[in-house]
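Worth saying up front: this structure is predicted, and the values here are computed from it rather than measured. All values below were derived from every heavy atom in this structure, side-chain atoms included, with hydrogens, water molecules and symmetry-related copies excluded. We name chains A, B, ... by the order of the sequence lines, and we start the count at 1 in each one.
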Amino acid sequence: MTDLNALSDEAFRAEVRRFVEAEYPPELRHPPHRLHWEQGRPWFDKLQARGWVAPGWPREHGGLGLDAGKQIILIEEYERHGVARLPDHGVIMLGPLLIRFGTQEQQERFLPRILAGEDIWCQGYSEPGAGSDLASLRTEAVPGTDQEGDHYVVNGQKIWTTLATDANWIFCLVRTDKGGKKQEGISFLLIDMRSPGVTVRPIINLARHDEFCEVFFDNVRVPRENLVGEPNKGWSMAKALLGFERIFLGSPRQSGYALARLKLLAERMGVFDEPDFQDRYTRLRMDLDDHKDLYETFVAVLRRGDTLGPDVSMLKLHQAELFQRITELMLEIAGENAGLLEPMGGNRDLHPAGQFIEARPTTIYGGSSEVQRGILAKNVLGLPG
Amino acid sequence: MTDLNALSDEAFRAEVRRFVEAEYPPELRHPPHRLHWEQGRPWFDKLQARGWVAPGWPREHGGLGLDAGKQIILIEEYERHGVARLPDHGVIMLGPLLIRFGTQEQQERFLPRILAGEDIWCQGYSEPGAGSDLASLRTEAVPGTDQEGDHYVVNGQKIWTTLATDANWIFCLVRTDKGGKKQEGISFLLIDMRSPGVTVRPIINLARHDEFCEVFFDNVRVPRENLVGEPNKGWSMAKALLGFERIFLGSPRQSGYALARLKLLAERMGVFDEPDFQDRYTRLRMDLDDHKDLYETFVAVLRRGDTLGPDVSMLKLHQAELFQRITELMLEIAGENAGLLEPMGGNRDLHPAGQFIEARPTTIYGGSSEVQRGILAKNVLGLPG
Amino acid sequence: MSAALDNAELAEAVRMLRDSAAGLASRGGDRRRVRALRFQPPGFDPAVLAAMAEQGWIGLLLPEQKGGAGLGMTALCALAEELGAALAPEPLVPAMLSGSLLAAAGADMPLERLVAGEALVLAAWQEAPSTLEAPGTPGAPRLFIPQAGGASAFLVPVRQAQGLELWLQPAEGAALQLEKTQDGGFFGTLRPEGGALLGSIGEDAVADALEQATLATAATLLGVMDQAFVLTLDYLRTRQQFGRPIGSFQALQHRAADLQIQIALSRASIAAAAALLDDGSTSRAARRAAVSRAKARASDAALLVTRQAIQLHGGIGYTDEADISLYLRRAMVLANQFGSAALHRRRFAAEAHDDMLGEDAA
Amino acid sequence: MSAALDNAELAEAVRMLRDSAAGLASRGGDRRRVRALRFQPPGFDPAVLAAMAEQGWIGLLLPEQKGGAGLGMTALCALAEELGAALAPEPLVPAMLSGSLLAAAGADMPLERLVAGEALVLAAWQEAPSTLEAPGTPGAPRLFIPQAGGASAFLVPVRQAQGLELWLQPAEGAALQLEKTQDGGFFGTLRPEGGALLGSIGEDAVADALEQATLATAATLLGVMDQAFVLTLDYLRTRQQFGRPIGSFQALQHRAADLQIQIALSRASIAAAAALLDDGSTSRAARRAAVSRAKARASDAALLVTRQAIQLHGGIGYTDEADISLYLRRAMVLANQFGSAALHRRRFAAEAHDDMLGEDAA
């Protein structure tokens, strides 16, 4: 395998672009929803054939071992081309965590199956009683021993589990100790979803898509060896895992794409040249370009090999609200089309109602805007408690 | 004296309009600042000659005894004509309080001197440590007795005292008991500003005007008979005094006048017909007209003889922010004139910087917008603590 | 019209209307019914529409000699607000619009059946999105007919040399296409063809009827946002996070206060416009300005409030099963009906008189 | 230009500039000096301006053979930010604008004296509010000359048949009117008359010099808002109300977070525009779009931040004696200099290329 890190940034970017343009299934570009595993499978196969499933993993674990700068280029090119995110929690979240905190046995057992597409992982963090307040989670794992060995018995419920219907494994934060501070006493557990007592219920969202699920645990037996790291240290492990991927929640691409669709809609509605519209459209363009400049200052941090600080919250906040404002203007100019359930005339790029709805959760998920503002105020600006 | 309450609303309005048009000094219309006592004196003399100094006081105390509906018409006509507010805390605030809670001796001693313009009162509520948090005030009155009788010794400081330099008396909330809840242990005290130990320092504000003052009390002796009502009940008396005047903090007149000046400025700057400006100007006009409709629903409450609820906070909040938005647009279109200290070409109506600055305190004084939103959330919407 | 009623009588009529609305489609109670009707043609319950007709609502604005209740816009806005709060999917406002057009054209027979709830006639007047103009272009497709799948016939204005004519085209055999709407209803596109001439109709009558429908739609939006806000306040009071009800967080309290102000402004603006229309003595320009101001405010405020209602509900707000989402969807459908906020701002700018301004400025 | 410097050298030059700025006019420290100079002609300290000249700042952008430092906009923006934060009233950016015009006209002698700090020559180019056009109308009054009372001479562009000429008019005997500005300085209005012809000057050179002054003004605004925010955060941390620091109230925290985002966007936008101008290989349209975007953002953000700084300071913020008010006043003066946000939005709309858009949309 050529050392991709040895390529210049320009050469690497060209390489990625050639790859996606040649190999990415055109019908899957810019999908309006997260793809289910089976829908994205053809693309996964291409990645696998090329050995590109896990760009960020070290090469000894079967990854590409790309540095942060190259990973950013890769994702930028994927975004530019409209490459869909696969159910990728195994690659993005679990893999790096096992590589850092897992035992050799855990690494050997789980990592190859992720690369092979044999295990599809989902993430069990949020709970009905703990949305933005993750530390107060209540799904409980009680240790026990029986003839088959040490294990935990898990009871409780997870929610907003992305694509749990597609997954055969789930990594969970579970409470193993109820004393002490809320952030303590939480452990990181790997649970086979085929275990007796696991139930998945898809949740239809506002976009009438079933991307999120509830996962119920009713006396689920989990072997002791599925615990990652030390017991009661799961919270700090999960936090340590928040890597440079956080920057992509603030990527300008989503808003850029929405702005292009806004323009298209405005032309279709015959209002593009109206001064009211032009004034607001110009403001949004300037917001987007300023956002892009701000984004690049964070990318520069990563390229230098530094880690992101809590101020990256700014990016996510501004991008989410900009995206929403763009789609709100779509709604305003769309006339009665703003109320349609399906795209206008079947053209996916002319669907103001759908895009408006698609923008809603960006200020809720991945740390709500309220939580992000609190982080900025306290951890960046140093305002008191 | 004719019974003004017996007139129809229309006849009364015409009567007021005739009066101000004939008698109000034209050079005092729409003054940019609060008038000092001596500046407003000619108008006070006209009011006094007509017996109109105290429209809301009962006739037996020398007032006009107007009902709420008539008082509103009176103030609407004053606002329309641009009649200045005189230093009127004696008429508006103290008089009604003495009439309701004062002894007969207090009423006989103080009320006639207010009507005669002999006593000019100011209000000593706010303190440096207690801006929006009035209940935490610390100016202290310690009871004592000497050869001249029972008295209090007052120490402390008041701030934002409007036109204290013009006043010879101040009514104060002072702490007489430090135990118990912060709202308790506060008394209502009348203090002669010529007493030894009283010092007044004018504060120059952002408009470079000296309308506000600090008042310092250094071992000031106040006779016991200057206490109004029961000791330690001053807070509830002062709150009970919050009468229908609160509605005028939400009057549309200030914003209406600002909008007229915005239009004038836009014409002068040659941007009035530009679509950007027209769009924003139209939004402000609609905001103002909607505000006027909302204001009228509160006026209707008063006309019915009912009292205002805490939801009147909405009016003050919206009016203050609307006024500010209008002056912000002035600044944006004014070019470099936005930075001038004096009016453009000496024309008082073309002074975007001055009007922008004039609008700043409306969201701070009289209950900051933050406090008003808290009142709305808790006392109107019933949100928890 | 309500000029015949004094204030106390009007207040009593409004109170009774609100009560009967609560009986048929209560503010809080029938979201299960709403869900059951969603996306199933015709998107509403014809039996409930018939019951509304029995209550006299389709004829609410019509004079008594035309079988109507002789009430005015203040009464209609109260009713529309209640039905908006209840998310009632029945096309009452479109039916009333048809009633006004039929009355103006002197078409007594179809009017009688419409008012009695025996036939749903829907006006097919619109040829472009977000408009209040009915050009009556012969043969041009008529767009965005609300709940068109339930109509027995369509009213088609057609321009002839001598003015506008009103035609009645039966639904049976009509070239009608249906599209699902976010709130579970159906917009129809009709290619007008054939039918029977009912009579001619004045431009002013059409404009007035559309004015009334616009304001009634604003009032519907008021009900939608108001009830969404009620549900949201309940949620803020009960949902716990970080160990306390989320409604105790200051940032959310302040946001709630801002939403309350927008609702109050909408209510005041709508009530003032209704009173102005009922007054009858004001100029057409003043009426248009008032209606446009009310609709622009209601459209913007309803989208703001329902959007924030989703946000304040957090993750659960983004699920289709959360009732709060029904209010957002209804607001999305109604916000631009009978003119978007932008259209109404332009209309206001063209029509309004600067009555607050000018006289005092130098 | 900075093209001659590599990244590390540029970073070092910027660091040194910031350090020497702190020596002359420190961010936090000289508000007493600022107050002492307010409203007293000429509104600034000529000795400090001379010291700035000694540091090589007036010639910062000029090539070394013209006595300059040969630095670029990245360096100038860093310096301007520091001086903005310090509220320095000395007219450095106007002096640099004059330097660029003199250099372009080949007027070496006055340029030498200007760069050396021996004479303050101010450009009298502006004939209308909020503009970036220098039409050079003969005899037309030149407006809004910053700190004009301190000038020894004025540079007046005058249009002739063959193009623009640059004239030097001595301040002595000139028809000059001064007006006080909110920040304690003075705007001058000059009726141009007489003087000496320095030479002709190209339209592009004037436009480029104004472009640079515009971006430097945006950077000055960045310093103003940034330091106002620092003072406000200090106040939020220390001021107690209702028994706790007001900065612990969530609504104020969230507002502070929003202001921080606006400051960060301003900083990023200005840095990107400076890099673009320093690059030299980009098109004029791209440079204009970038400068306009930076100035529009900085103007809007500076007014927002300083306005909110007053609000967050409460009553004390509305006093003239509170230092925070100095930042609002400076922002009011600078916001529309070299074009208001509205002007720059229009310019952006005309010049910017849709580089983020289009390629992926159907």
Side-chain angles (χ1 to χ4, degrees), chain A residues 29-30 79-82 252-253 255-265 275 278-283 285-298 300 311 313-318 321-322 347-350 369-370 372-385, chain D residues 229-230 232-234 236-238 244-273 275-276 289-290 292-294 296-298 300-301 341-342 344-350 352-362:
Chain A
R29 291 186 69 186
H30 294 293
E79 284 185 338
R80 194 198 55 79
H81 193 73
R253 178 54 52 172
S255 289
Y257 192 60
L259 206 52
R261 286 168 154 178
L262 171 63
K263 183 179 180 185
L264 202 68
L265 178 67
Q278 272 296 320
D279 181 49
R280 296 179 70 190
Y281 177 67
T282 299
R283 287 171 190 263
R285 283 178 68 195
M286 294 172 88
D287 284 343
L288 175 63
D289 282 359
D290 286 350
H291 184 85
K292 201 180 153 202
D293 288 338
L294 183 62
Y295 178 78
E296 288 300 328
T297 67
F298 285 90
D311 56 344
S313 281
M314 285 196 284
L315 277 186
K316 197 258 181 182
L317 255 174
H318 189 251
E321 296 181 356
L322 174 57
N347 180 346
R348 216 172 59 178
D349 285 317
L350 289 172
S369 291
E370 290 78 15
Q372 304 282 0
R373 284 193 170 83
I375 291 173
L376 268 181
K378 283 174 236 166
N379 302 351
V380 178
L381 303 178
L383 292 176
Chain D
F229 192 54
V230 166
T232 303
L233 290 174
D234 283 348
L236 290 174
R237 286 187 208 104
T238 51
R244 51 192 181 113
I246 59 173
S248 68
F249 285 95
Q250 195 192 30
L252 304 195
Q253 291 191 342
H254 285 199
R255 209 174 307 158
D258 286 334
L259 299 181
Q260 166 67 12
I261 291 175
Q262 288 302 315
I263 295 171
L265 289 169
S266 304
R267 174 167 283 119
S269 186
I270 289 166
L276 204 76
S292 279
R293 181 155 59 78
R297 172 71 57 184
D300 281 347
H344 284 292
R345 280 194 295 270
R346 278 195 298 274
R347 223 172 69 122
F348 176 88
H353 170 68
D354 269 1
D355 64 340
M356 284 292 300
L357 311 177
E359 58 176 351
D360 296 328

*Portion of L317(A) that has a non-hydrogen atom of chain D nearer than 4.5 angstrom*: side chain
_Structural part of E296(A) lying under 4.5 Å from a heavy atom of chain D_ = neither
*What residue in L350(A), V380(A), L381(A), L294(A) has the most heavy-atom pairs under 4.5 Å with chain D?*
L381(A)
*Give, for atom NE2 of H30(A) and atom CZ of R261(A), the distance between the pair rounded to the nearest 0.5 Å.*
7.5 Å
*Charged N to carboxylate O below 4.0 Å: is that the case for D279(A) and R283(A)?*
yes
*Can we say D287(A) and R297(D) salt-bridge, meaning some charged N sits less than 4.0 Å from an Asp/Glu carboxylate O?*
yes
*Residues of residues 248-256 of chain D with any heavy atom under 4.5 Å of a heavy atom in chain A*: S248(D), Q253(D), H254(D), A256(D)
Do [X] and [Y] come close enough that some side-chain heavy atom pair is under 4.5 Å?
X       : Y       : answer
R267(D) : I263(D) : yes
I261(D) : L265(D) : yes
F298(A) : M314(A) : yes
R237(D) : L233(D) : yes

*Of the backbone (N, CA, C, O) and the side chain (C-beta and beyond), which part of S292(D) lies under 4.5 Å from a heavy atom of chain A, both, or neither?*
backbone
*Considering residues at least two apart in sequence or located in another chain, which fulfil the ring-ring contact (aromatic ring centres under 6.0 Å, His included) criterion with H291(A)?*
H318(A)
